[in-house]
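Atoms within each ligand, like the ligands themselves, are counted from 1 in listed order. In what follows, every heavy atom counts, from backbone to side chain, and hydrogens, waters and symmetry copies are set aside.
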Amino acid sequence: MKKIAVLTGGGDCPGLNAVIRAVYKTARINGIEVYGVKNGFKGLVEDDMYLLDADYVSGILPRGGTILGTTNRDNPFHYQCIENGAAVFKDMSQQVLFNLKQKEIEALIVIGGDGTLKIACDIANLGFPIVGIPKTIDNDLPKTERTFGFDTAVSIATEALDRLHTTAESHHRVMVLEVMGRYAGWIALHSGIAGGADSIIIPEIPFKWESIADKIKLRQQKGSLFSVIVAAEGAIPIDGELSIAKIVNSSPDKIRLGGIGDKIACELEKRLAVECRSTVLGHLQRGGSPTAYDRVLATRYGEAAVNAILYKKFKTMVALQNNKIVLVKLTDVVGSPYLVSVTHDLIKTGRALGISFGD
Ligand code: F6P
């Protein structure tokens, strides 16, 4: 094994650069050169890759984003090309294999979430050696206890809840924090517990407006004139629908979620004599420096992915199980998101502490 490549696909998240650095360092110590692929699969189709050297990876461990760039739009199997001024979609997967062969790249490390890893799996099915690394702030990938980026997102959401607490208390208001997570409630659940939220509203537990209002009334009766609620962007009222900010047809993830925080604040104001406000945390959860936990996990994943290549364990993904790094089959990871179980320990803990889940 002389040359490998690494790419980052899908939405960015804190820790991507820490993985790239670990991949580079481990590979170089084993005499392997590493190509960085620019902008996810787009760089593979368009042959936009460059040899990484020490200068590229120097100082990137704490840096947010990805030095390689990323995109969540480009799928080589359904790739947008312009012909005679019109957009047409083509299967460019053979071009990808050709570009990799031309550069004598023998294996590819793909760092991504479910969408990116599904494409990685399809390329692996064409016979190209691939190892995946689980990335997403949502923590919604199966077969691993943690995706890197999640811990940082939870820390940021927790800090936001701490800050909302003090202003909620001063003004005797209800503050609703809307966090990311797509159809999984992991960020809301963990930050809600860490940040002492009074209600945690997640997609896995459809909620009733009255239940959330009742929790606030109960607190008021006990003399607490303020409340803090954390709501996952994918949360759904039992009698209502998903909150969609926009439909983006050009994106593989056509549904852009958003708006549930505002809806909760509005509905509560109708039911309670208290001012209710909402804050959308948005991409603050994805930007900036990774926590120490995410740096460690990202580094372990990067090192383990290169080792998997050295041992020719392809069509796999590195994963965390019982705090050990293991390899799982890439085919077992794609297509079935890891959601919060209603019997999860943290839900039980929350209920035991009197936190409302809106059900
Ligand atoms: O999957 C990560 C994530 O940040 C989700 O939590 C969120 O719904 C989505 O990506 C937002 O993606 P974009 O930045 O493309 O709108």
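Between Gly113 and ligand 1 there is no heavy-atom distance shorter than 4.0 Å.
The nearest protein atom to atom 11 (C) of ligand 1, hydrogens excluded, is given as Arg286 NH1, 3.5 Å; this is a heavy-atom distance. At the shortest separation from atom 14 (O) of ligand 1 among protein heavy atoms lies His283 NE2, 2.7 Å.
A distance of 11.5 Å separates CD1 in Ile244 from CD in Glu233, rounded to the nearest 0.5 Å. Annotation: the span from Lys38 atom NZ to Tyr50 atom OH amounts to 5.5 Å, rounded to 0.5 Å.
Less than 4.0 angstrom separates some heavy atom of Ile137 from each of these atoms of ligand 1: 4 (O). Shown in contact with Gly181 at under 4.0 Å from a heavy atom are these atoms of ligand 1, numbered in order with element: 6 (O).
Residue Ile187 does not touch ligand 1, judged by heavy-atom distances below 4.0 Å. No part of Leu257 comes within 4.0 Å of ligand 1, judged by heavy-atom distances. Residue contacts with ligand 1 for Glu233 involve side-chain atoms from C-beta outward but no N, CA, C or O (heavy atoms, distance under 4.0 Å).
The number of heavy atoms from other shown groups lying within 6.0 Å of NZ (Lys143) does not exceed 12.
Here the shortest heavy-atom distance to atom 6 (O) of ligand 1, taken over Thr136, Asn72, Asp138, belongs to Asp138.
Side chain of Thr316 to main chain of Lys313: a donor-acceptor pair is present (N/O by atom type, distance under 3.5 Å, no hydrogens or angles).
In this structure, the side-chain hydrogen bond (donor to acceptor under 3.5 Å, both in side chains) partners of Asp198, at least two apart in sequence or on a different chain, are Arg219.
Residue Ile212 is found in a hydrophobic cluster whose other members, listed by chain and number, are Val174, Val176, Ile201, Phe207, Trp209, Ile216, Ile229, Ile260, Ile264, Leu268, Leu272, Val274; membership requires side-chain heavy atoms under 4.5 Å apart, directly or through intermediates.
Taking the centre of each ring, Tyr56 and Tyr24 stay at or above the 6.0 Å mark.
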